Number of protein chains: 2
Amino acid sequence: MAGAIADVAALAGVSKATASRALSGKGYVSPETRQRVVQAASTIGYVASPNAASLVTGHTKNVGVVIPYIGRWFFGQILEGIEQQLLARGYDMTLYTLEPFSPARDRVFDFFLARKRFDGVIAVNIQPAGDELERLHRLGIPLVGIGGPLEGIPTIAIDDERVAALATEHLIRLGHQRIAHIGGSLAEQLDFSVHGERLAGYRAALADAGLSEADQFVPTQLSMPGGYDAAVQLLSDPTNRPTAIFAASDEVAIGTIIAARRMGIAVPTDLSVIGIDGHDYAELFSLTTVEQHPREQGVIAADMILAGIDGETAEPGVRDLPTRLVMRSSTGRPAGA
Amino acid sequence: MAGAIADVAALAGVSKATASRALSGKGYVSPETRQRVVQAASTIGYVASPNAASLVTGHTKNVGVVIPYIGRWFFGQILEGIEQQLLARGYDMTLYTLEPFSPARDRVFDFFLARKRFDGVIAVNIQPAGDELERLHRLGIPLVGIGGPLEGIPTIAIDDERVAALATEHLIRLGHQRIAHIGGSLAEQLDFSVHGERLAGYRAALADAGLSEADQFVPTQLSMPGGYDAAVQLLSDPTNRPTAIFAASDEVAIGTIIAARRMGIAVPTDLSVIGIDGHDYAELFSLTTVEQHPREQGVIAADMILAGIDGETAEPGVRDLPTRLVMRSSTGRPAGA
DNA sequence: GTGAAAGCGCTAACAG
DNA sequence: CTGTTAGCGCTTTCAC
C-alpha cells in the first residue's frame with residue numbers, strides 16, 4: 001500500500017539499486033538523481049521496510065532490553081533514559097520484563113532473544129542464572145549491563161558498598177550511635193549482590209566507628225510499604241529504639257518516615273533517616289539521600305550499546321558512576337548531641 | 001552461526017519446505033519426519049529468523065505501544081499488563097514514549113510506526129493532534145486505545161465523569177458540604193479530556209446536592225508533589241478550609257494527606273480525602289479510592305489487539321471498564337456530623 | 001554514476 | 001505427505 005522501493009525507482013525513472021543508494025546515502029549518486037528519487041519517495045509516501053533491509057544487512061536497528069520490573073520508579077527512570085537515547089538514533093526498543101524467578105525466563109532467553117532480532121541487548125539488574133550468561137554471549141551481539149558485574153560484559157553501576165558506607169558515615173558523623181539498616185532481603189536478591197553490598201557498606205562503616213555491636217538489620221521489600229512495615233517493627237519498642245535509620249532505597253526511607261510520624265516519632269528530631277536513589281519524591285519528604293541518577297544510567301547504557309553496534313569494542317568490567325549526597329532535613333543530630 | 005532452516009533440512013534429510021512445515025506446525029508432515037526435523041533443529045540450535053518470515057507472511061509478531069510516560073506508576077502498570085499478555089502469545093512489545101508536546105511526535109508517527117514493523121498498535125492516553133489520527137489509520141493495522149475516545153478505534157477506558165461523581169457523592173453522603181477538588185490542569189490535558197471529565201463529574205455531584213456554590217477546584221500536576229503543593233495552598237487559610245477533598249488521582253491524594261498532616265490537620269478527623277486509581281500505596285495511607293486497575297486494562301488491550309490481528313474486527317467505540325469504590329479510613333464524617 | 005542480477009531466510013503455492 | 005519453485009523488499013557486488 002505504502003509502496004515499495006521499486007515504485008519509487010519507477011517514478012523517478014531509475015533502477016531499484018540507484019533508488020536504494022539515493023535514499024540510504026550509501027554509494028555514489030548524482031545530486032540531481034538523488035533529488036528526483038527523494039522527491040518520488042516523498043510523493044509516494046515511501047517508508048523502507050526494515051525487515052527486508054535487515055535480511056540483507058544483518059542489522060535490525062532494534063535493541064532488546066531485559067529488566068526485572070517496569071512499574072517501579074527506579075526501573076522506569078532507566079527505561080526512559082534508554083528509550084530517549086535509542087529513539088534519537090533511530091533505534092527501536094523492545095522490552096522484556098524478566099522477574100527474578102519467573103518461569104518465563106527460559107522463553108525469553110531461548111526464543112525471544114535468540115531470534116537475531118536485535119543489534120544489541122541491555123540487561124538491567126539481571127543476575128543471570130545457570131547458563132543464562134552463556135546464552136547471552138552466544139547471541140554474538142553487543143551486550144551492556146546496568147547494576148552489577150556481568151562476566152565479560154561492560155556494565156555501568158554505582159559502588160553500592162561505598163555508597164552505603166557514605167550514608168552510614170553521614171549518620172555517624174552527626175553523632176548517632178544506634179543506627180539501624182532497613183534493606184533488601186538477602187534471599188531475594190533479584191538483581192545482583194546489591195542488597196548484600198549495601199549491608200556490607202553499612203557494617204563496614206559501623207565497624208570503622210567502633211559501633212559494631214549496634215548493628216541492627218531489618219530485611220524487607222524495597223518499596224514504601226516495605227519500609228513502613230519494617231519501621232513499625234523496628235520502632236515499636238520505645239526502650240530500644242535506634243536514633244537513625246539508613247534505608248537501602250528512598251522508597252523504603254519514605255515508608256519509614258511515614259511510619260515514624262504515624263507512631264508519633266518526629267523526623268528528624270527523634271529519628272534521622274537517610275536513603276539512596278534520588279527519588280522524585282525525596283524532596284517532598286525532605287529526605288537526605290545519595291543520588292544515583294537511574295535515568296542517566298539508561299542514557300549511558302544506550303550510548304554504550306550504540307557504540308558497540310558501531311564496532312567500538314568496550315572493555316568488559318564495571319564502570320562505577322559518581323553519586324552525590326544530597327542533604328535535607330531528614331537527618332539531624334541525635335537528641336542531646 | 002546459529003544455522004538457517006536449510007541446515008536443519010539438510011541434517012534431517014528433508015527439503016526446506018518440509019522443515020518449515022514441521023517446525024511451524026502448519027501443513028501436513030508425518031510424525032516421524034516432524035520428529036526428525038525437530039531433533040535436527042534442536043541439535044543445531046536453530047531459531048527461526050522472524051525477519052525473513054515477516055517478509056513473506058506480512059506478520060511481524062510485534063506490537064507497537066505508544067505511551068506518554070513510562071516512569072509513572074499508572075502507565076507502568078498498563079505496560080506490565082500489556083507486556084505480560086503479549087509475551088505469553090509470543091509477541092514482542094516495542095515501546096515509544098510520546099510526551100504531550102514533544103517534537104519527537106512526528107518522527108514516531110512518520111518513521112517508527114510507518115515501517116510495517118508492527119502487526120498492531122496500542123495507543124495509551126494519546127490524544128492525537130492534527131492528522132496523527134489519520135496517520136494511525138493509514139497504517140492499515142489493528143489499533144486499540146486506552147484512556148479515551150479515539151475516532152474509529154476501539155478503546156478501553158473508565159467513565160471518568162461517573163467515577164468522579166461517585167467519589168464526590170461518597171463525600172456528600174458522609175455529610176460534607178465543603179468539598180474541594182484537586183485535579184489536573186485543563187490546559188495540560190496530556191491524555192484525553194480526563195481532567196475535564198473528572199472536574200465535570202465533581203461539579204455534577206455538587207449540583208445534584210445543591211452544593212454548587214461550594215465548588216472549589218485547584219489544578220495541579222498529577223503527582224504526589226503536585227497534590228502536596230495544591231493542598232498547602234488549599235488548606236493554608238484556617239478560616240476557609242474544606243472538610244473534604246476529592247483528588248483526581250491517588251498520588252495527588254497521598255500528597256494531599258502528607259501536606260495536611262504536616263500542617264497539623266488530622267486525616268480523616270479534620271479532613272476527608274478520596275482518590276482515584278487503586279494505587280499500590282493507597283493502602284499504606286488508608287486511602288479511600290476508586291480502583292480502576294490499569295494493569296488489567298493493559299491485559300485487555302493486548303487481548304483486543306491480538307484478536308484484531310487474528311482477524312476479529314472489534315467495534316470502534318469506548319468500552320468502559322468497571323470500577324470499584326474501596327473504602328478505607330481516609331474518608332470520615334465532617335466534624336460535628 | 002547507474003543498472004542487472006544475485007540473494008538474505010523464510011513460507012506459500014503447486015505439483016507430484 | 002513431500003519436494004520444487006517462486007518471491008517477500010531490500011542491499012550489494014559487479015559490470016557497464
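Please read these numbers as outputs of a predicted model, since none were measured by experiment.
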key: Atom-to-atom span, CG of B:Asp7 to P of C:dC8 - whole angstrom   = 11 Å
Salt bridge flag under 4.0 Å for residues A:Arg135 and A:Asp106 = yes
ask   = Separation of A:Asn51 atom CG from D:dT11 atom C1', in whole Å?
value = 14 Å
inquiry  = Just the rounded figure in Å: distance from P of D:dC10 to NZ of A:Lys16.
reply    = 8 Å
request  = Taking only the side-chain heavy atoms of B:Val14 (C-beta and beyond), determine which of C:dC10, D:dG3, D:dC10 contains the nearest atom.
outcome  = D:dG3
task = Would you indicate, yes or no, if C:dG3 has its OP1 or OP2 atom less than 4.0 angstrom from a side-chain nitrogen or oxygen of A:Thr18?
result = yes
Nucleotide of C:dT2, D:dT2, D:dT11 approaching A:Ala53 most closely (side-chain heavy atoms) = D:dT11
request  = Please determine if A:Arg36 and A:Glu32 form a salt bridge, counting it only when a charged side-chain N lies under 4.0 Å from a carboxylate O.
outcome  = no
query = In whole Å, what is the span from the CZ atom of A:Arg21 to the C1' atom of D:dC10?
reply = 13 Å
message = Between A:Arg117 and B:Thr60, is there a side-chain heavy-atom distance shorter than 4.5 Å?
response = yes
inquiry  = Whole angstroms only, please: what is the CZ-C1' distance between B:Arg117 and D:dG9?
reply    = 14 Å
query = For B:Ser54 and D:dC8, is the shortest distance between a side-chain N/O and OP1 or OP2 below 4.0 Å?
reply = no
query = Once you round it to whole Å, what is the distance between P of D:dG9 and OH of A:Tyr46?
reply = 10 Å
request  = Starting from P on D:dT12, measure out to CG on A:Leu23 and report it in whole angstrom.
outcome  = 13 Å
task = Looking only at side-chain atoms of A:Thr33, point me to the closest of C:dT2, D:dG9, C:dC10.
result = C:dT2
query = Heavy atoms under 4.0 Å, any strand shown: does A:Ala17 hit a base, just sugar-phosphate, or nothing?
reply = base
side-chain N/O B:Ser15 vs D:dG3 OP1/OP2, d < 4.0 Å = yes
Heavy-atom side-chain contact between B:Asp310 and B:Arg89 under 4.5 Å = yes
query = If only side-chain N and O atoms of A:Ser20 are considered, is one of them under 4.0 Å from the OP1 or OP2 phosphate oxygen of D:dT11?
reply = yes
request  = Quickly work out the A:Arg115 CZ to C:dG9 P distance and round it to whole Å.
outcome  = 17 Å
ask   = Reckon B:Ser24 has a side-chain N or O less than 4.0 Å from the OP1 or OP2 of C:dT11?
value = no
ask   = Which sits closer to the 5' end of DNA chain D, B:Tyr28 or A:Lys26, going by the nucleotide each is nearest to?
value = B:Tyr28
query = Toward the 5' end of DNA chain D, which comes first, B:Val56 or B:Pro31, by nearest nucleotide?
reply = B:Pro31
Whether A:Tyr69 and A:Phe75 hold their rings parallel, tilted or perpendicular, with breakpoints at 30° and 60° = tilted
